[in-house]
Amino acid sequence: KIKHSILSVISIAGCAAILSSCGSKTDTMLDYIDKYEFSDALDYYEDKIDGSSKERDIRKEIKKEMEDRYEVILEAFNQAEIDEDDIDDLYELVDELKLDDDNFEEFYDDYYELVYSKESYQDALEYFEDKDYSTAISYFGYVIESDSCYEDAQKKISEAEDAIVD
């Protein structure tokens, strides 16, 4: 009976250590992701997780956790906290960990829409500065509401319309 109790305790401790190890590695990966250090997350994955016995469980947990993070990452890009190179690193991470799913596809579609919006805004500013107000208005019109530049684009449209009338 004592041997059975000791074996049970050892077995429980071993399972807890394995789960803790898995959680710890998952947490480390998510910490890198939360700090937008996607290439470091990929390096950590390749060094510490890839090929390990817990790789599948860790990937599954990260995939689940990423669902809530894509919107935050997109907003960080929108606010210029991260740039297109960072998103490329994220893409590489998602590809390597096989995290590609509907959530990521939606994120990536929204990302490209935002990139186009920001490029349109920059083009519009150039036309505005060159006093080509009609073209500026056209480009400002491509700025989407979720873009951090949207309100300024709307103001610039009004200014350009006033300049045309004058």
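Any value given below was found using the heavy atoms of this structure, including those in side chains, with hydrogens, waters and symmetry copies removed.
Nearest heavy atom pair, residue G141 against residue I157, reads N-CD1, 4.2 Å. The shortest heavy-atom contact between F38 and I33 is CE2-O, 3.7 Å. Nearest heavy atom pair, residue D100 against residue K63, reads O-NZ, 4.1 Å.
Within a 6.0 Å sphere centred on OH of Y142, other residues, nucleotides and ligands contribute 12 heavy atoms or fewer. The number of heavy atoms from other shown groups lying within 6.0 Å of OH (Y36) is above 12. The environment of E67 atom CD is dense: over 12 non-hydrogen atoms of other residues, nucleotides or ligands sit within 6.0 angstrom. Enclosure of atom CD in E71 is not indicated, since only 12 or fewer non-hydrogen atoms of other residues, nucleotides or ligands lie within 6.0 angstrom.
Inter-residue side-chain proximity for L97 and M29 is flagged as met; some heavy-atom pair is nearer than 4.5 Å. At least one side-chain heavy atom of I49 sits less than 4.5 Å from a side-chain heavy atom of S52. Residues V165 and D162 form no side-chain contact, since every pair of their non-hydrogen atoms from C-beta on lies 4.5 Å or further apart. Between D57 and E61, every side-chain heavy-atom pair lies at or beyond the 4.5 Å cut-off. In this structure the side chain of L114 never reaches within 4.5 angstrom of the side chain of Y111, judged on heavy atoms. By the 4.5 Å heavy-atom criterion applied to side chains, M66 and L90 are counted as neighbours. Side chains of I73 and I87 form a contact here, defined as non-hydrogen atoms less than 4.5 Å apart.
Taking CG of D40 as the start and OG1 of T28 as the end, the distance is 12.0 Å to the nearest 0.5 Å. Between the CD1 atom in I58 and the CG atom in D50 there is a gap of 10.5 Å [rounded to 0.5 Å]. Interatomic distance, CG of D101 versus CZ of F107, reported as 12.0 Å (0.5 Å rounding). In this structure, NZ on K54 lies 10.0 Å from OG1 on T26, to the nearest 0.5 angstrom. With rounding to the nearest 0.5 angstrom, the CG atom of N78 is 4.0 Å from the NZ atom of K118. Taken to the nearest 0.5 Å, the CD atom of E55 stands 3.5 Å off from the OH atom of Y45.
Y108 has its ring centre less than 6.0 Å from the ring centre of Y91.
With hydrophobic clusters built from ILVMFWY side chains whose heavy atoms lie under 4.5 angstrom apart, V115 does not share a cluster with L125. No continuous path of hydrophobic side-chain contacts links L74 to Y116 [ILVMFWY only; heavy atoms under 4.5 Å].
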- prompt: E151 and K155: salt bridge (charged side-chain N to carboxylate O under 4.0 Å, His left out), yes or no, with the steps?
  reply: CA-CA 6 Å; E151 286 185 32; K155 289 177 188 173; 5.1 Å; no
- request: Could you walk me through whether L30 and R69 pass the side chain to side chain contact (heavy atoms under 4.5 Å, CB included) test, one step at a time?
  value: CA-CA 10 Å; L30 293 172; R69 285 173 165 80; 3.9 Å; yes
message: Assess the residue pair D110 and Y70 against the criterion (side chain to side chain contact (heavy atoms under 4.5 Å, CB included)); give the C-alpha distance rounded to whole Å, side-chain angles, the decisive distance to 0.1 Å, and a yes or no.
response: CA-CA 10 Å; D110 292 346; Y70 289 128; over 6 Å; no
message: Using side chain to side chain contact (heavy atoms under 4.5 Å, CB included), reason through I62 and E65 one step at a time and then give a plain yes or no.
response: CA-CA 5 Å; I62 290 170; E65 291 291 328; 5.6 Å; no
task: I would like to know whether F140 and Q154 meet side chain to side chain contact (heavy atoms under 4.5 Å, CB included); could you show each step before the answer?
output: CA-CA 7 Å; F140 281 129; Q154 296 305 302; over 6 Å; no
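No donor-acceptor contact under 3.5 angstrom links the side chains of Y139 and Q122, judged on distance only. Between the side chains of Y121 and D152, a donor-acceptor pair is found at a separation under 3.5 Å.
Using a distance-only test at 3.5 Å, with no hydrogens or angles considered, a donor-acceptor pair links the side chain of S117 to the main chain of I144. Remark: side-chain polar atoms of D147 are paired, donor with acceptor, to backbone N or O of C149 under 3.5 angstrom. Here the side chain of K48 pairs no donor or acceptor atom with the backbone of K25 at under 3.5 angstrom.
Both tests hold for K156 against F128: distance to the six-membered ring centre under 6.0 Å, angle to the ring axis within 45°.
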